[in-house]
Amino acid sequence: LTIDLKVQRAMEEAMAGVARGAAVALDPRDGAILGLVSRPAFDPNEFSHGLSFERWAELTGGESNPLLDRAIQGTYPPGSTFKIVTMLAALRSGVATRATRLQPCSGHYLFGGRSFGCWKRTGHGSLDLIEALQNSCDVYFYQLGPRLGLPRLEATAREFGLGDRTGVDLPQERRGLIPSTSWYDRRWGAGRWRKGLLLNLAIGQGELLLTPLQLALLVAEVANDGRPLRPHVVRQVRGEAVFRAQRPLQPGVDAEPAAWDALQEALERVVNAGTGTAARVPGVRVAGKTGTAQNPHGKDHALFVCY
């Protein structure tokens, strides 16, 4: 297997106090999965000597559901981690450059007679695109959503492989959801859905659903200037002289070098002096993105991706 025991142990320890959650570590050179954790966990050895009816009920009942591999089967709104996709879509379509300044953030944004709030209630003021990602300004990204339009935002997400299976060599992987124009037409009726939904999509809310593995793949491909990867846990098969992991399912993400440079600079600034300073490691350059997503079933989801 590709699992690195030191990485796996470190992740298990880091997740020890987490009631429900997941963590994934990928090698961005080839998509090898170095560590994979889902909480709550269970001991697979229990199945080798039979389970009581009561124990089976514990494993399958309630909200905790330890048999669900949340890393590949749990789907969640990505929150502000999705601003990575929105920013790249804006850069490669010409909707914005790294220096573009939009309406200053006062803590809220009016659209269609409705007020959309920023996480920073006092506002961020005037920001360019790099600073907007660094500080995760919702108001800036609200303005990008309608300018982009759904087709361009969806296209960028799908080139990253979002909304489809990654092809990982583990069973029952979930697709997640990247909504399209036709998806909304089926749900609300042709042309009857509001453009305001683009404000929510641009900041990773609304109907978007991703797995933790898809988020890890997203940020690994950003580190590679859009080169596609296929996550895998099998390194070699005994008895097979030549074993190669299967090719990625997606062709990769096409964008100009300047777009990747701007995105990567912004992600480094997130960790150096933005919303992700808790991830700073002395002597190591870390690029990352924080995210908080509303959860209709309880406390907000907290997310973080990095390379």
Side-chain angles (χ1 to χ4, degrees), residues 1-26 31-82 161-179 183 186-187 200 204-218 230-235 237 249 290-305:
L1 299 183
T2 60
I3 299 295
D4 182 304
L5 186 57
K6 287 183 179 179
V7 173
Q8 183 70 26
R9 279 180 171 155
M11 289 169 63
E12 296 273 359
E13 290 171 8
M15 297 286 286
V18 175
R20 291 195 292 275
V24 183
L26 290 178
I33 294 177
L34 305 176
L36 193 74
V37 176
S38 178
R39 287 286 180 269
F42 64 95
D43 183 356
N45 290 309
E46 287 187 69
F47 288 84
S48 65
H49 48 71
L51 294 172
S52 67
F53 180 81
E54 291 76 16
R55 180 55 179 153
W56 175 249
E58 287 178 12
L59 288 172
T60 57
E63 292 183 3
S64 60
N65 194 1
L67 296 183
L68 178 73
D69 185 348
R70 283 171 164 79
I72 65 169
Q73 296 170 330
T75 57
Y76 311 99
S80 290
T81 59
F82 193 77
L162 306 179
D164 203 353
R165 296 182 181 93
T166 66
V168 66
D169 46 0
L170 291 170
Q172 299 177 319
E173 180 188 12
R174 296 281 297 278
R175 291 179 181 273
L177 175 63
I178 299 294
W183 188 89
R186 289 194 301 271
R187 184 172 185 182
N200 280 328
Q205 292 283 174
E207 291 78 14
L208 292 166
L209 292 172
L210 304 182
T211 67
L213 178 61
Q214 288 172 333
L215 283 171
L217 188 62
L218 164 67
R230 184 160 181 161
H232 59 280
V233 292
V234 178
R235 185 177 298 284
V237 178
L249 297 178
T290 54
T292 303
Q294 294 175 354
N295 173 18
H297 308 293
K299 293 180 181 179
D300 288 349
H301 295 298
L303 307 101
F304 183 68
V305 296

Participant: Minimum heavy-atom separation for P78 to L210, with atom names?
Facilitator: CB-CD1, 3.7 Å
Participant: So, do L59 and R55 sit near enough that their side-chain heavy atoms are less than 4.5 Å apart?
Facilitator: yes
Participant: Tell me the closest heavy-atom pair linking M11 and V37, and the distance in Å.
Facilitator: CB-CG2, 3.7 Å
Participant: Kindly compute the distance separating CD1 (I178) from CG (L162), expressed to the nearest 0.5 Å.
Facilitator: 5.0 Å
Participant: Is there a donor-acceptor pair closer than 3.5 Å between any side-chain N or O of R70 and the backbone N or O of R20?
Facilitator: no
Participant: Let me confirm one number: the CG-CG distance from L26 to L36, rounded to the nearest 0.5 Å.
Facilitator: 9.0 Å
Participant: Rounded to the nearest 0.5 Å, what separation is found between the CZ atom of F82 and the CG atom of L208?
Facilitator: 4.5 Å
Participant: Provide the closest heavy-atom pair for W183 versus P179 in the form atom of the first, atom of the second, distance.
Facilitator: CE3-CB, 3.7 Å
Participant: How long is the gap from OG1 on T211 to CD1 on I72, to the nearest 0.5 Å?
Facilitator: 8.0 Å
Participant: Just by modelled atom types, is the D300 backbone N or O under 3.5 Å from a matching donor or acceptor in the T292 side chain?
Facilitator: no
Participant: Output, in order, the C-alpha distance, side-chain angles, deciding distance and verdict of salt bridge (charged side-chain N to carboxylate O under 4.0 Å, His left out) for E12 and R9.
Facilitator: CA-CA 5 Å; E12 296 273 359; R9 279 180 171 155; over 6 Å; no
Participant: Side chains of L177 and T75: closer than 4.5 Å at any heavy-atom pair?
Facilitator: no
Participant: What closest approach, in Å, do Q294 and Q205 show between heavy atoms, and which atom pair accounts for it?
Facilitator: N-OE1, 3.0 Å
Participant: About how many Å separate OG1 of T166 and CG of L218, when rounded to the nearest 0.5 Å?
Facilitator: 12.5 Å
Participant: May I have the step-by-step check of side chain to side chain contact (heavy atoms under 4.5 Å, CB included) for L249 and D164, ending in yes or no?
Facilitator: CA-CA 9 Å; L249 297 178; D164 203 353; 5.7 Å; no
Participant: By ring pair (Phe, Tyr, Trp, His ring centres under 6.0 Å), which residues pair with F304, not counting sequence neighbours?
Facilitator: none
Participant: Rounded to the nearest 0.5 Å, what separates atom CG in L213 from atom CZ in R174?
Facilitator: 13.5 Å
Participant: Looking only at non-hydrogen atoms, find the nearest pair between R175 and R165 and report the distance.
Facilitator: NH2-NH1, 2.8 Å
Participant: Looking only at heavy atoms, what is the nearest atom pair of V24 and A71, with distance?
Facilitator: CG2-CB, 3.9 Å
